[in-house]
Number of protein chains: 2
Amino acid sequence: MAHCYKYPRAALTVDCVVFGLDEQDLKVLLIQRDSEPFAGTWALPGGFVDIDETLEDAANRELSEETGAKQVPLEQLYTFGDLDRDPRGRTVSVAYYALVRLSDYSLQAASDARDAAWFAVSELPGLAFDHKKIIDLALERVRGKVRFEPIGFELLPRKFTLNELQGLYEILLARSLDKGDFRKKILAMDLLEELDEFEQGGTGPAAELYRFRKEKYRRLAEAGFVFEF
Amino acid sequence: MAHCYKYPRAALTVDCVVFGLDEQDLKVLLIQRDSEPFAGTWALPGGFVDIDETLEDAANRELSEETGAKQVPLEQLYTFGDLDRDPRGRTVSVAYYALVRLSDYSLQAASDARDAAWFAVSELPGLAFDHKKIIDLALERVRGKVRFEPIGFELLPRKFTLNELQGLYEILLARSLDKGDFRKKILAMDLLEELDEFEQGGTGPAAELYRFRKEKYRRLAEAGFVFEF
DNA sequence: CCAAAAGTGTTCTCCATACACCCATGC
DNA sequence: GCATGGGTGTATGGAGAACACTTTTGG
């Protein structure tokens, strides 16, 4: 059953850039393509948008089908429309991105993907289509956004130490931070809850665990407060 | 000659939110639709993307066809894909925005528009489709961006006084600024060129004219400098 | 002379930075 | 005891906020 139109129409797809944090590295979730074009090549999870689903639904569906990751809080990144970005013909892709806790997701390749895996952003394999460009833009967006919105917490376990948090900011901002100043600044916001629990690291004293007060932040943000680091 | 596909495809359009500044008001460029749906209603300039043109080319073409405005430096805003946003059927629209000098553009309605005109953002008429939502998002984006990029200058004449510039920031940030502090801060960046020319306003002393040093800014920005107001 | 607008100077506070220091733990 | 890492305290400079003040022009 064919669908016919007066004018030719571009195909519409979505692609997802999902970031996770693993000790030292910021990682991206990729799938190995099972079908042409670019069969065998690593690529972002994504695919065609159905006629009766929203863009965001399509992104979440494809992500779930290809990697098993469900309920990922995706945000729209940018729409890529270069003429030659897909060898099958004119294809416009709406890209989404998300930050997740690596530990929350156990991957399982499915549908049109052979495999799904995390790659450090500094050691990406060759990628299909213009997906390298998409990841670069997503990185830029995340690095800009982390300074003005508390999105870093989405990458950490729910309970974390201040030093883990500092490490995260050092990775995302790509510079080292003063320990004392970091603690003062982040605690002064009064957005962290001290849990009176401790993490037994290897050597040295046990580190206090904290939790991000998401609800309090939401209330403050609505009242005009701007998180800034 | 019909074009047929195995699966139904959404239609793809672009919409343009063009801002201009007029003394006191931030204004948006709208067209009055000539054809159905929403004939007679005001709407954003925009239309269908041809199969062999990029999204940005489509946006510039539609803007030029419907309003006469050419060479507008458009930036992508967001892609709207709600299922019911167009009564003709599933339509996904990539929205663009731009800031221009009102004086640079003399409007002329054309093609499928009856009329084109500037409206103050605080006094918008009823709008077609989800265009109100698009303008609201564009406003939010501009208001956020003006603090970290020198985009305000695109709304002013090439030569301007510091007080005009201050007025612009007061409009965009929606708060009043201290004269002395504003001058100190903006001059301390050393991004304005003093022209030794003066503008004869009504009453009071003549005001010094300045020009934004775009090239210098570009060089600094590449070296990591961040404009911040 | 007066109102309005251009432009300068001063004070105070707060915060980012840099850096020194102390304490707890494992080996 | 000592290296490692957790956590606190302090001096300094610079930027932002608030506000006073001078000067120039048209009416």
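Throughout, protein chains are lettered first and strands after them, A, B, ... in sequence-line order, and every chain is numbered starting at 1.
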**Q.** Check against side-chain contact (heavy atoms from CB on, under 4.5 Å), A:L191 and A:L220
**A.** CA-CA 10 Å; A:L191 284 172; A:L220 288 173; 4.0 Å; yes
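- Note: CG (A:L162) to P (D:dG6) measures 10 Å, nearest angstrom.
- Take A:A95 and apply the side chain to side chain contact (heavy atoms under 4.5 Å, CB included) test, not counting sequence neighbours, and it matches A:L77, A:F80, A:I134.
- In this structure B:R101 satisfies the side chain to side chain contact (heavy atoms under 4.5 Å, CB included) test together with B:S103, B:D104, B:R158, sequence neighbours excluded.
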Run the side-chain donor-acceptor check on residues 201-210 of chain B: report pairs under 3.5 Å with partners two or more places apart or on a different chain.
residue : atom : partner : partner atom : Å
B:E208  : OE2  : B:D196  : N            : 2.8

Q: Classify every nucleotide of nucleotides 17-27 of chain D by which part a protein heavy atom approaches to under 4.0 Å, writing B for the base, S for the sugar-phosphate alone and - for neither, in 5'-to-3' order.
A: BBB----BBS-
All N/O donor-acceptor pairs, side-chain side in residues 183-190 of chain A, below 3.5 Å, sequence neighbours left out:
residue : atom : partner : partner atom : Å
A:K184  : NZ   : A:D181  : OD1          : 3.4
A:D190  : OD2  : A:K216  : NZ           : 2.9

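- Atom P of nucleotide C:dC19 and atom CG of A:L177 are separated by 15 Å, given to the nearest angstrom.
- Side-chain atoms of B:E164 come within 3.5 Å of backbone N or O of B:T161 as a donor-acceptor pair.
- Evaluation of the salt bridge (Lys or Arg N to Asp or Glu O under 4.0 Å) rule for A:E149 yields no partner, not counting sequence neighbours.
- Under the rule for a ring-ring contact (aromatic ring centres under 6.0 Å, His included), the partners of B:F160 that lie at least two apart in sequence or sit in another chain are B:F153.
- In this structure, B:L209 places its CG atom 15 Å from C1' of C:dG7, rounding to the nearest Å.
- Looking at residues two or more places apart in sequence or on another chain, you find a salt bridge (Lys or Arg N to Asp or Glu O under 4.0 Å) between B:E215 and B:R218.
- The separation between A:E208 atom CD and C:dA24 atom P is 15 Å, rounded to whole Å.
- Each end of the helix from C:dC1-D:dG27 to C:dC27-D:dG1 gets its own axis, taken as the rotation carrying the C1' atoms of four end pairs onto the next four within a five-pair window, and the two axes meet at 10° to the nearest 10 degrees.
- The distance between atom CD of A:E164 and atom C1' of D:dG5, rounded to the nearest whole Å, is 13 Å.
- At whole-Å resolution of the value, CG in A:N163 and P in D:dG5 are 10 Å apart.
- In this entry the distance linking CZ of B:F198 with P of C:dG7 reads 7 Å, nearest Å.
- Look at CG on B:L187: it is 16 Å from C1' on D:dG16, rounded to the nearest Å.
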